[in-house]
There are 2 protein chains.
Amino acid sequence: MHVTWNQQLVKKENKSLVLSLIISHSPISRADIAQQSGLNKGTVSSLVSELLEEQLIYESGPGESSGGRRPVMLLFNQGAGYSIGLDLGVNYIFGVLTDLQGNIVVQKNEKYKNSSFEETLQLIQKVISFLISAAPSSPYGIVGIGIGAPGIVNKEGDILLAPNLGWKNISLKTEIENVYNVPVIVENEANAGAYGEKKFGSGKHFDHLVYVSAGIGIGAGIIMNGELYNGFNGYSGEVGHMTIDRNGIKCICGNKGCWELYASEQALLSKAQIVNINNKTELSLGELMERARNGEQAVITLLEEIGQNLAIGIINIIHTFNPQQIIIGNRLAAAKQWIEPQVQSTINNFTLPFHQTDIKINFSDLTLPASALGVAAFSSENFLKSRLQMNKE
Amino acid sequence: MHVTWNQQLVKKENKSLVLSLIISHSPISRADIAQQSGLNKGTVSSLVSELLEEQLIYESGPGESSGGRRPVMLLFNQGAGYSIGLDLGVNYIFGVLTDLQGNIVVQKNEKYKNSSFEETLQLIQKVISFLISAAPSSPYGIVGIGIGAPGIVNKEGDILLAPNLGWKNISLKTEIENVYNVPVIVENEANAGAYGEKKFGSGKHFDHLVYVSAGIGIGAGIIMNGELYNGFNGYSGEVGHMTIDRNGIKCICGNKGCWELYASEQALLSKAQIVNINNKTELSLGELMERARNGEQAVITLLEEIGQNLAIGIINIIHTFNPQQIIIGNRLAAAKQWIEPQVQSTINNFTLPFHQTDIKINFSDLTLPASALGVAAFSSENFLKSRLQMNKE
DNA sequence: AAAAAGTTAGTTCGATAGATAAACAAACTT
DNA sequence: AAGTTTGTTTATCTATCGAACTAACTTTTT
């Protein structure tokens with residue numbers, strides 16, 4: 001007897017509303033839920049009892065009385081299942097196992113270098129398998145795996161191009177899904193980071209933000225109306241190849257004057273070579289920061305220039321999106337000390353005044369693995385969504 | 001007996017669904033609606049009869065039989081009310097009176113020059129009053145007024161700044177609402193144009209598009225997931241002040257190298273002055289096009305340069321949004337003949353290949369007053385939405 | 001200290017709205 | 001006359017709501 005449509009939909013919406021109230025207001029009573037949601041007390045009771053049966057929530061002891069019977073407090077069962085989130089870097093794989101709330105239970109970092117696709121895939125599986133084996137036992141087990149990758153990812157989870165990994169047309173999603181038999185999500189690293197910051201970082205209270213991932217290249221994750229915007233094919237946020245100098249230097253992309261030629265880690269390192277700050281052949285961001293910290297003026301100037309160039313692109317983004325917040329993340333965020341003042345002052349000087357009144361410019365807190373957490377959160381949410389879609393059997 | 005929530009909501013959703021099916025599939029029978037919506041035949045019958053009572057739809061004669069009883073065809077009553085849409089230009093006011101479907105019933109164009117705010121407001125009211133008086137009698141009368149303005153408009157409908165009109169902090173919405181006592185919507189002209197193109201122009205079949213309004217300045221209207229994106233405050237799409245030349249010429253906005261300094265009508269005219277194509281003091285786009293048509297090479301080169309510069313910013317937009325379509329509108333669209341080949345080839349050469357596969361670059365059909373139609377459509381839709389929210393009395 | 005009164009939490013139950021399925025009537029075609 | 005399709009009617013079902021009710025407290029009164 002399949003009731004195709006809307007009668008059940010209401011129930012699912014309400015159940016979902018109740019659950020999200022429990023998640024966001026943590027210890028909360030049935031009475032409070034009824035009041036805040038506008039639902040009838042009886043309705044809340046019946047939905048709550050279903051959620052209890054499904055082990056998505058649990059009752060804790062009685063709470064504080066406010067002059068009458070003491071309420072039974074309800075809590076989200078964050079340990080009902082666990083998610084895995086992977087940040088696939090150019091020379092590292094960082095994986096986290098999180099509960100459904102996004103708390104990290106275990107994490108694992110593996111470094112690698114110059115490996116083939118097969119070797120990298122092996123390493124990915126090693127990390128995933130480790131995390132799975134480290135998961136506490138739970139009613140729903142591993143509910144999904146999310147992977148953030150540095151490259152162009154389409155909506156089907158295929159990595160079309162990841163220049164820094166040397167990958168082309170890799171169906172990573174299918175590959176991993178076949179091994180572990182749980183839903184897998186592959187997202188661009190900047191999108192993952194954006195979502196991670198929105199859920200767990202400084203973007204928590206904002207619904208219109210752009211996360212600028214300034215690493216070897218530059219990418220952006222766009223969050224509008226609280227949701228990630230992927231573009232038509234999933235390629236949005238390729239801001240690194242935005243022209244900021246129409247007569248500028250050539251880029252491998254075929255264009256010239258691309259933003260990331262002036263404001264990325266790569267740009268910093270190349271420039272350091274050119275002005276011959278060091279005669280060594282290999283230079284690293286870490287070393288440059290160390291020398292800046294020691295007061296070497298030439299290096300400081302270099303970092304400040306990167307900051308100014310970063311600001312140019314950010315100004316473009318602000319004018320285009322009118323966001324509430326910009327978060328600068330990835331490796332260059334580590335150089336916040338030298339970059340931030342330049343970014344802030346350049347924006348103050350060169351942005352239309354109306355756009356300036358409300359906007360916040362923040363740097364990622366790098367102790368927070370935003371990308372890995374972001375994709376893990378995607379997986380958790382997908383699980384909850386599909387779980388709530390299900391009918392009672 | 002106020003049932004605060006969800007039971008009625010289902011009905012409203014379904015009623016809205018039925019109405020939109022009737023609107024989009026024009027002569028359609030109850031049976032077809034039931035099949036296409038998945039709703040039960042009885043449900044459809046009852047919702048349809050309410051819509052009939054509200055005069056939002058009407059029955060026409062019987063349709064073609066497909067082997068049984070002939071269906072009663074239902075049609076949207078586009079004449080149930082009328083909307084007014086105004087395109088507020090720098091030296092003209094163009095107004096349309098449309099039915100609820102967006103068909104133009106009457107239109108009116110008024111030119112003006114160097115007038116004060118009060119004079120302009122007078123003129124706006126003159127146009128509106130004329131259109132109101134020209135409206136056929138209908139059950140709901142004038143359901144709303146929409147105004148597209150060239151400037152920065154916030155979400156409350158205040159025009160914060162319209163440099164080309166010399167306006168600052170004008171509460172146009174309140175002003176007009178007080179006079180005519182119907183809902184008024186004020187939108188940025190590019191947003192209005194974007195919506196007009198999406199509903200009635202070449203964007204009809206796309207859900208991810210950016211409308212580039214290339215006039216005296218450059219603005220953009222952004223449509224994502226089928227909906228207009230306004231930004232946090234409503235100032236999104238100020239792409240004219242996107243930096244495309246970090247070492248470029250100074251802009252009145254305080255920044256340098258802004259896109260509109262290289263690719264707008266203003267840019268074209270200034271450049272024409274500088275290269276001294278004419279010794280006259282006043283030069284117009286129309287005259288330049290005339291001379292290009294007559295084969296004057298210097299003018300043609302100039303137009304082509306504008307095309308190339310236009311493409312630079314468009315490439316930035318494509319990389320940022322990954323849209324499905326770009327529509328170039330406003331005055332420069334008239335120079336399509338010279339601009340389009342340059343835009344297309346520049347994009348082909350300088351955009352990442354993945355972004356190119358699907359994207360369509362179109363020019364506005366200037367016989368379609370996209371801005372005025374866009375804001376009129378906003379008004380119509382708001383009316384229908386609020387009308388469907390209402391309960392039976 | 002005990003009893004009574006007042007509050008708040010959560011459950012139960014009858015009423016209700018609106019959707020569905022299925023039967024039915026109407027109006028056709030074959 | 002038989003079969004089809006359209007649209008209406010009716011019985012049934014589901015999920016919400018309002019209100020009564022029980023439970024478990026706190027506060028006030030005696």
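None of these values were measured; they are calculated from a predicted model. We use all heavy atoms of the structure for the numbers below, so side chains are in, but hydrogens, waters and symmetry mates are not. We name chains A, B, ... by the order of the sequence lines, and we start the count at 1 in each one.
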Undergrad: Rounded to the nearest angstrom, tell me the gap between atom CD in A:Gln8 and atom P in C:dA19.
TA: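 Those two atoms, CD and P, are 13 Å apart.
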Undergrad: For a quick check, with a 4.0 angstrom heavy-atom cut-off, what is the B/S/- contact string for nucleotides 19-30 of chain D, read 5' to 3'?
TA: ----BBBS----
Undergrad: Over how many whole Å does the gap from A:Leu39 atom CG to D:dG18 atom P extend?
TA: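 Atom CG in A:Leu39 sits about 11 Å away from atom P in D:dG18.
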Undergrad: Quick one: is B:Asn14 getting a side-chain N or O under 4.0 Å of the C:dA19 phosphate, OP1 or OP2?
TA: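 Checking B:Asn14 against C:dA19: at least one side-chain N or O falls below 4.0 Å of OP1 or OP2.
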Undergrad: What is the distance, to the nearest angstrom, from the NZ atom on A:Lys15 to the C1' atom on D:dT16?
TA: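 One finds 16 Å between C1' of D:dT16 and NZ of A:Lys15, rounded.
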Undergrad: Nearest whole angstrom, please: distance from the P of D:dA15 to the NZ of B:Lys11.
TA: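 The answer, rounded to whole Å, is 20 Å.
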Undergrad: Given atom CG of B:Leu47 and atom C1' of C:dT20, what is their separation to the nearest angstrom?
TA: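 In whole Å, C:dT20 C1' lies 13 Å from B:Leu47 CG.
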Undergrad: Would you indicate what A:Val72 reaches in the nucleic acid, counting non-hydrogen atoms under 4.0 angstrom: base, sugar-phosphate, or nothing?
TA: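 Sugar-phosphate, backbone atoms only, no base.
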Undergrad: Show which side-chain atoms of residues 73-81 of chain B pair as donor or acceptor with protein atoms under 3.5 Å away, not counting sequence neighbours.
TA:
residue: B:Asn77; atom: OD1; partner: B:Gly79; partner atom: N; Å: 3.4
residue: B:Asn77; atom: ND2; partner: B:Gln55; partner atom: O; Å: 2.8

Undergrad: Taking A:Asn233 for its side chain and A:Asn154 for its backbone only, find out whether a donor-acceptor pair lies under 3.5 Å.
TA: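 No; judged by distance alone, with no hydrogens or angles, the pair does not exist.
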Undergrad: CE of B:Met73 versus P of D:dT5: gap in Å, rounded?
TA: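 About 15 Å, once rounded to whole Å.
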Undergrad: In whole angstroms, how far is the P atom of D:dT6 from the CD atom of B:Glu64?
TA: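 Value for this atom pair: 13 Å.
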Undergrad: So what does A:Ser45 touch, heavy atoms closer than 4.0 Å: a base, only the sugar-phosphate, or nothing?
TA: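 Base contact.
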Undergrad: Can the ring centroids of B:Tyr82 and B:Phe383 be said to lie less than 6.0 angstrom from one another?
TA: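 They do not qualify: ring centres at least 6.0 Å apart.
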Undergrad: A:Thr43 has a side chain; which of D:dT6, D:dT16, C:dT11 sits nearest to it?
TA: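 Of all the options, the side chain of A:Thr43 is nearest to D:dT16.
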Undergrad: Quickly work out the A:Leu17 CG to D:dA15 C1' distance and round it to whole Å.
TA: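 A:Leu17 atom CG is separated from D:dA15 atom C1' by 15 Å.
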Undergrad: Given D:dG7, D:dT16, C:dA19, identify the nucleotide with an atom nearest to the side chain of B:Ala31.
TA: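 My answer, after comparing the listed nucleotides, is D:dG7.
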Undergrad: Would you call B:Arg70 and B:Glu64 a salt bridge, using N to O less than 4.0 angstrom?
TA: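 Salt bridge absent between B:Arg70 and B:Glu64.
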Undergrad: Is the backbone of A:Asn230 close enough, under 3.5 Å, to the side chain of A:Ser236 for a donor and an acceptor to pair up by distance?
TA: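 At least one qualifying donor-acceptor pair exists.
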Undergrad: Pairs of donor and acceptor atoms involving the side chains of residues 199-207 of chain B, under 3.5 Å and at least two apart or interchain, shall be tabulated with distances.
TA:
residue: B:Lys199; atom: NZ; partner: B:Glu381; partner atom: OE2; Å: 2.8
residue: B:Ser202; atom: OG; partner: B:Gln325; partner atom: NE2; Å: 3.4
residue: B:Asp207; atom: OD1; partner: B:Lys198; partner atom: NZ; Å: 3.4

Undergrad: Are B:Lys155 and B:Glu187 ion-paired here, with the side-chain N under 4.0 Å from a carboxylate O?
TA: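 Not counted as a salt bridge, because no side-chain N and carboxylate O are separated by less than 4.0 Å.
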